[in-house]
Amino acid sequence: MDKRAATILAVVRAIPSGETLAYGEVARRAGLPRRARWVAKLLATAVDESLPWHRVLRSDGRIAFAEGSAGFYEQVRRLRAEGVQVADGRVRRSTPMARDDLDALLWAPA
DNA sequence: CCCGTGACTCTAC
DNA sequence: CGTAGAGCCACGG
């Protein structure tokens, strides 16, 4: 596994439980803009069981897996287990969080 | 080297 | 809001 992959996975692991991030955002935070598809491919081949891959969604908040597929249900199940509202294969945020607010949350000092 | 294939994204309408 | 269409990028045939 190269350094870029490791960085991507680190960003994914940094997503707090109950929060989500888009593939493109993950790539951007890892310093690899326009690599969204690559992030998806990476998650698909990742073996680390502790990796919170389910917290990564499409930019519009929808589950990336085809609706009805095994992965789709698995992701919905995991998200709901963390208290995330999912309806029609899409994550619902009652109060959409601004990008800056999410930034502050993710990068806030422990 | 060209072509197809995605757990993608952005812009127009 | 939702749907095309084009763009994008790593990879394999």
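Order of the sequence lines sets the chain letters (A, B, ...), proteins ahead of strands, with each chain counted from 1.
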Next on the checklist: Measuring only the C1' atom in each nucleotide, how far is C:dG13 from B:dA7? A whole number of Å is fine.
Outcome noted: 23 Å
Checklist entry - Taking any atom under 4.0 angstrom from a heavy atom of chain A, which nucleotides of DNA chain B are the first and last to qualify, 5' to 3'? => result B:dG6 to B:dC10
Item to check | Neighbour count >12 (heavy atoms, 6.0 Å) for atom CD, A:E82 | outcome: yes
Next on the checklist: Determine whether a donor-acceptor pair (N or O, by modelled atom type, separation under 3.5 Å) exists between the side chain of A:R29 and the backbone of A:V11.
Outcome noted: no
Next on the checklist: Taking any heavy-atom pair under 4.0 Å as a contact, classify A:G24: base, sugar-phosphate, or nothing.
Outcome noted: sugar-phosphate
Checklist entry - What's the shortest heavy-atom distance between A:Q75 and A:V56, and which atoms? => result NE2-O, 3.0 Å
Pull out every protein N or O sitting under 3.5 Å from an N or O of nucleotides 1-6 of chain C, one pair per line with the distance.
from: C:dG2; atom 1: OP2; to: A:R90; atom 2: NH1; distance (Å): 3.4

Next on the checklist: Minimum heavy-atom separation for A:L57 and A:G61, please, with both atom names.
Outcome noted: CD1-O, 3.8 Å
Checklist entry - Going by an N to O cut-off under 4.0 Å, is there a salt bridge joining A:R58 and A:D60? => result no
Next on the checklist: Need one value for A:A22: base, sugar-phosphate or nothing, where a base atom within 4.0 Å counts as base even if backbone is also close, heavy atoms only.
Outcome noted: sugar-phosphate
Item to check | Side-chain heavy-atom pair A:R4, A:W38 within 4.5 angstrom cut-off | outcome: yes
Checklist entry - For A:S17 and A:R55, which heavy atoms make the closest approach, and how far apart are they? => result CA-NH1, 3.2 Å
Considering only nitrogen or oxygen atoms on both sides, find all protein atoms under 3.5 Å from nucleotides 10-13 of chain C and state each distance.
from: C:dA10; atom 1: OP1; to: A:R35; atom 2: NH1; distance (Å): 2.8
from: C:dA10; atom 1: O3'; to: A:W38; atom 2: NE1; distance (Å): 3.3

Checklist outcome for this item: Scanning both residues in full, the closest heavy-atom pair of A:F72 with A:G89 reads CZ-CA, 3.6 Å
Item to check | pair A:V12-A:L43: side-chain heavy atoms closer than 4.5 Å | outcome: yes
Checklist entry - Within the side chain of A:R80, is there an N or O that forms a donor-acceptor pair under 3.5 Å with the backbone of A:V86? => result yes
